[in-house]
Amino acid sequence: MTCRNGFTRLVTTGYETMCILVSQGHDDVFSWEAAESHCEHLGGRLVVLDSHAKIQMLKQYLLANFHKEGHGAPHFWIGAKDFAGRDVFNWVSNQHAAITVTDWAPDQPSNTGAHHKVEDCVEVKADTDYQWDDKECNHEQAYICEQV
Ligand SMILES: [Ca+2]
Ligand SMILES: [Ca+2]
């Protein structure tokens with residue numbers, strides 16, 4: 001796969017390839033839905049991590065390229081969501097299949113967070129080495145697209 005301008009090529013140990021685009025943070029932030037629309041506009045979608053190899057590859061890339069300490073440590077939307085609001089998570093690429101290969105941070109998914117808001121959208125966050133956390137979908141933050 002040839003990556004379009006702005007996308008970075010990653011190759012897993014199993015020779016799966018992905019072209020990803022990581023938000024620059026700061027002003028480059030969206031709600032989950034807006035991030036997915038933005039990724040589609042760029043010719044992709046929020047990143048789908050449907051294998052252990054892809055999960056590990058992205059985690060290593062983020063750990064190598066983004067500082068994890070301090071206030072504002074990176075949080076990135078990925079392409080998983082509890083679409084039906086029943087605590088069953090699906091990838092944007094297949095909203096009718098439950099996700100089976102997961103990488104939840106300790107005590108996640110919690111389904112509730114600050115101010116008791118329901119959490120249905122999935123992020124990876126630096127303070128747990130980019131393991132997964134469910135979060136309120138309207139929160140505006142950085143995101144990771146993949147080319148499709
Ligand atoms: Ca939920
Ligand atoms: Ca959570």
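All values below were derived from every heavy atom in this structure, side-chain atoms included, with hydrogens, water molecules and symmetry-related copies excluded. Each ligand, and each atom within it, is numbered from 1 in the order the structure gives. The residues of the chain are indexed from 1 along the displayed sequence.
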Q. Does K135 pair with E119 as a salt bridge, N-O distance under 4.0 Å?
A.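 Looking at E119 together with K135, the answer is no, because their closest N to O distance does not fall below 4.0 Å.
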Q.
Any carboxylate oxygen within less than 4.0 angstrom of a Lys/Arg side-chain nitrogen, looking at K81 and D134?
A.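 So K81 does not pair with D134 through a salt bridge.
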(Q) Listing by chain and number, which protein N, O or S atoms are under 3.0 Å from the Ca ion (ligand 2)? (A)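 Near the Ca ion (ligand 2), the protein supplies Q108 OE1, S110 OG, E119 OE1, D133 OD1, D134 O, D134 OD1.
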Q: Flag yes if F83 and Y143 sit in one hydrophobic cluster, no otherwise; membership is Ile, Leu, Val, Met, Phe, Trp, Tyr, and two members link when side-chain heavy atoms are under 4.5 Å apart.
A: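 They do share one cluster, since a chain of ILVMFWY contacts under 4.5 Å joins F83 to Y143.
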Report yes if some heavy atom in the side chain of [X] is under 4.5 Å from a heavy atom in the side chain of [Y]; otherwise report no.
X	Y	answer
W104	W132	yes
D50	T100	no
F30	W77	no

Q | the Ca ion (ligand 1) - closest N/O/S atom in D120 | A |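 Closest N, O or S atom of D120 to the Ca ion (ligand 1): OD1.
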Q) For the Ca ion (ligand 1), what is the closest N, O or S atom on D82? A)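 Nearest to the Ca ion (ligand 1) within D82's N, O and S set: OD2.
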Below 3.5 Å, can you tabulate the donor-acceptor pairs from side chains in residues 88-98 to any protein atom, sequence neighbours excluded?
from: N90; atom 1: ND2; to: Q95; atom 2: O; distance (Å): 3.4
from: N90; atom 1: ND2; to: A97; atom 2: O; distance (Å): 3.1
from: N94; atom 1: OD1; to: H96; atom 2: N; distance (Å): 3.3

